[in-house]
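To keep things clear, I will list the structure first and then write my remarks on it.
Residue numbers start from 1 in every chain, and the chains themselves are labelled A, B, ... in the order their sequence lines are given, proteins ahead of strands. Below, all heavy atoms of this structure are taken into account, side chains as well, without hydrogens, waters or symmetry copies.
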Amino acid sequence: MALLEVKDLHTSFFTDAGEVRAVNGVSFNLERGKILGIVGESGSGKSVTAYSIMQILAGTGKIVSGSIKLDGQELVGAGENVMKDVRGNKISIIFQDPMTSLNPTYTIGQQLMEAILLHTDRNKQQSWDRAVEMLRLVNVNEPEKRMKQYPHEFSGGMRQRVMIAMALACEPDILIADEPTTALDVTIQAGILELMKDIQKQIGMAIIMITHDLGVVAQLCDEVIVMYAGGICEQGTAEEIFYNPCHEYTKGLLRSIPTVDDSGEKLQPISGTPIDLLNMPKGCPFAPRCDNAMKICMRARCERMEINDKHAAACWMNVRKAVKGE
Amino acid sequence: MSTELKSGQPLIEVRHLKQYFNINTGFFKSTPLKAVDDISFTIREGETLGLVGESGCGKTTAGRTILHLYQPTAGEIIYRGKSIKTPKDVEEFRTKATMVFQDPYSSLDPRMTVADIIGEPLDVHHMYKSQEERRQKILELMDHVGLNSEHAARYAHEFSGGQRQRVGIARALAVDPDFIVCDEPVSALDVSIQAQVINMFDELQDQMGLTYLFIAHDLLVVRHISDRIAVMYLGRMVELADADEIYNRPLHPYTKALISAVPVPDPNVARANKRIALTGEIPSPLNAPPGCPFHTRCPYAKPMCSESMPPFKEVEKGRFVACHRTEEINS
Ligand SMILES: Nc1ncnc2c1ncn2[C@@H]1O[C@H](COP(=O)(O)OP(=O)(O)OP(=O)(O)O)[C@@H](O)[C@H]1O
Ligand SMILES: Nc1ncnc2c1ncn2[C@@H]1O[C@H](COP(=O)(O)OP(=O)(O)O)[C@@H](O)[C@H]1O
Ligand code: SF4
Ligand code: SF4
Ligand SMILES: [Mg+2]
Ligand SMILES: [Mg+2]
């Protein structure tokens, strides 16, 4: 049994303009101690997937159907008491926007220590030491002095690192990191990613890393999910996704970014504009932008197919290949 | 792009440029924040010079000061051999040198139509004789950047991020400039849209012989688009070289760390990469450390590094580095 099992998750926002199907049939398993990357363009449903797992959807958002099991326990419909325990002790989340998630009226030290006291069995002194150590680990200068300062005395990048320190200090079973390093400089980002990997190894935590940076995925993740328009188009080990992509969107994504051995040749952009969830096409959601779209792509959505035991994709090209025996 | 060095004439020469901002640090007390501190370099006609460095290191300020959007604290800008000095020089220069901004969401006035956004610089610099000529120019510009001319009467907020950035570029092109400072022009765009805009910069350069100062933090993007790359740290320039050279064989310790930290989109390469760890915060430009600005984080620092400022000097042909120990650590 996997640590986290998500099955056919559907989450919608019920807006005045209609039902926005932000997550549309997402399924995946997360094993203990693994790092899972979720990539996809803005609005593809990455954050909503994460918020659904935590059941912290904003406003009109609602899990419409599906199952989310943590250690075998069903979370959908389990009630707020169960979710409080999950959010407090089992799954931590680092938000995309660090400004909203620290309390401006308490010092950084108070907030870090509270989290550590609550979630580990350290005493006060040990918690203080651990908090200072975590700040040092995320590259915050003069951590003892910083403990006594308030969030507004920190720069945006430093606040983000405090959030990361806080989430890691709680030693959760699963850490969900929603674009945790997007606002950070590369030299700082590299340090944070390494730190996350170290702590993950030490305490055997699993990580869901949400990012649009394929470089971060390549460096960190064991498994990768590629999302488009609320659904998973492709899923597999990092090696399979990067070296054997089997969905036209993933292929397009990989062609559109500069590589390590950039020879100065033109990049090959994905044409068209990102999807409008209120106007979803009938067939494959990527069809309007896909250079290889076939007649069937316009008519029907392709089911997920196993490419091999480490890789699945939902693209009619694979069916065509299989039929033609290529 | 960077395989052959473009050997055009100098278009812009930057000489000992400084930009200090006065910051209130108490009652009646102010301290200069040295956002750009004595940088000198040349941009050649038709080339793309990439400018990289950590957030707050002075890239935007350098770009804006070169364009005289800020009055330089000291130093000079020489355009086609002529120093920009008088207000008249500045006004003329503004029709030759323009800027594209980072954020396509906030840099365009939501109450203006696309035609008026693009047409504004034409109005400011009196660049047409009749309304018909103005209209023709705007439609031409829209066509250049791949915008549907039927959308001229729409408002910027009706466009996607990539389209808004095209509007920003059309606006920058309106005065028919030959030099454009591009400040993080693709950072706010989705990966799948970035490539469209990067390619457009490339094509416009080929068609119109443009010269770019291209500011960005994504090193792989900068390397792709640039002929040469300049690296800044804490208001100073620490290295300048051919794009591939600097990427494959960085000489300055900070450049080495920066390049080793690039998240490479290739699992085998990324996992084999040896990262050079930097500890500590970037010092504040309000009180930069004495001597080499990088010495508080440099793995190669020696006592002399905190005593004297290393000069920015040519260590190989066309290759500039500001480090006391360049020879020792690279042999
Ligand atoms: N509070 C909300 N009300 C209505 N729609 C929402 C809300 N939050 C998210 N959505 C919609 O759900 C879809 C998925 O959003 P989500 O935030 O998961 O995207 P994302 O892939 O994480 O994008 P980004 O990279 O921009 O954060 C989008 O179409 C978004 O507009
Ligand atoms: N108008 C201003 N007034 C005061 N300080 C400024 C101003 N503009 C920039 N700075 C400061 O100058 C330094 C360099 O800024 P900037 O050039 O914007 O950095 P970046 O490399 O991120 O573009 C920063 O410390 C910034 O806070
Ligand atoms: S299913 Fe068809 S339209 Fe969709 S990505 Fe594959 S080939 Fe393209
Ligand atoms: S001068 Fe000294 S501190 Fe500065 S980069 Fe060179 S070795 Fe490092
Ligand atoms: Mg998001
Ligand atoms: Mg900037």
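With a 4.5 angstrom heavy-atom cutoff, A/T187 touches chain B via backbone and side-chain atoms both. For a residue to count as touching a neighbouring chain, one of its non-hydrogen atoms must lie under 4.5 Å from one of that chain's; by this rule A/D276 does not touch chain B. Interface remark: B/D190 contributes side-chain atoms only to the contact with chain A (heavy atom separation under 4.5 Å). Contact annotation for A/R136: neither backbone nor side-chain heavy atoms come within less than 4.5 Å of a heavy atom of chain B. Heavy-atom distances place both the backbone and the side chain of B/L258 under 4.5 Å from chain A. Proximity to chain A involves both the backbone and the side chain of B/N268, based on heavy atoms less than 4.5 angstrom apart. Looking at B/I198, the atoms closer than 4.5 Å to chain A (heavy atoms on both sides) all sit in the side chain, from C-beta outward. Heavy-atom distances place no part of B/Q194 under 4.5 Å from chain A, backbone and side chain included.
For residues 239-249 of chain A, a heavy-atom distance under 4.5 Å to chain B picks out A/E239, A/F242, A/Y243, given by residue number.
The NZ atom of B/K256 sits 11.0 Å away from atom CD1 of B/I246, with the distance rounded to the nearest 0.5 Å. Remark: B/R271 CZ to A/L220 CG distance equals 8.5 Å, nearest 0.5 Å. Rounded to the nearest 0.5 Å, atoms CZ (B/F214) and NE2 (B/H224) are 9.5 Å apart. Taken to the nearest 0.5 Å, the NZ atom of B/K59 stands 11.5 Å off from the CG atom of B/L213.
Between chain B and the residues A/Q219, A/Q189, A/E194, the most heavy-atom pairs under 4.5 angstrom are made by A/E194. Counting heavy-atom pairs closer than 4.5 Å to chain B, the top-ranked of the candidates A/R255, A/Q268, A/M158 is A/M158. Contact tally against chain A (heavy-atom pairs below 4.5 Å) for B/A270, B/P265, B/G162: the top residue is B/P265. Listed options B/A277, B/S192, B/S260 were ranked by heavy-atom pairs under 4.5 angstrom with chain A; first place goes to B/S192. When each of B/V221, B/N199, B/V264 is checked for heavy-atom pairs under 4.5 Å with chain A, B/N199 comes out on top.
For B/Y212, the side-chain hydrogen bond (donor to acceptor under 3.5 Å, both in side chains) criterion is met by no residue, not counting sequence neighbours.
Using a 4.5 Å heavy-atom threshold, the side chains of B/L108 and B/F101 count as separate. Using a 4.5 Å heavy-atom threshold, the side chains of B/R44 and B/T211 count as separate.
Under a 4.0 Å N-O distance rule, the pair A/R146/A/E142 does not qualify as a salt bridge.
In terms of modelled atom types and a separation under 3.5 Å, the side chain of B/Q196 and the main chain of A/I270 share a donor-acceptor contact.
Under the 30°/60° scheme for interplanar angles, the aromatic rings of B/F294 and B/Y233 are found to stand perpendicular.
Tested against B/Y254, the residues B/E54, B/R297, B/E239 include a single side chain to side chain donor-acceptor pair (under 3.5 Å) partner, B/E54.
No more than 12 heavy atoms of other residues, nucleotides or ligands shown are found within 6.0 angstrom of NZ on A/K310.
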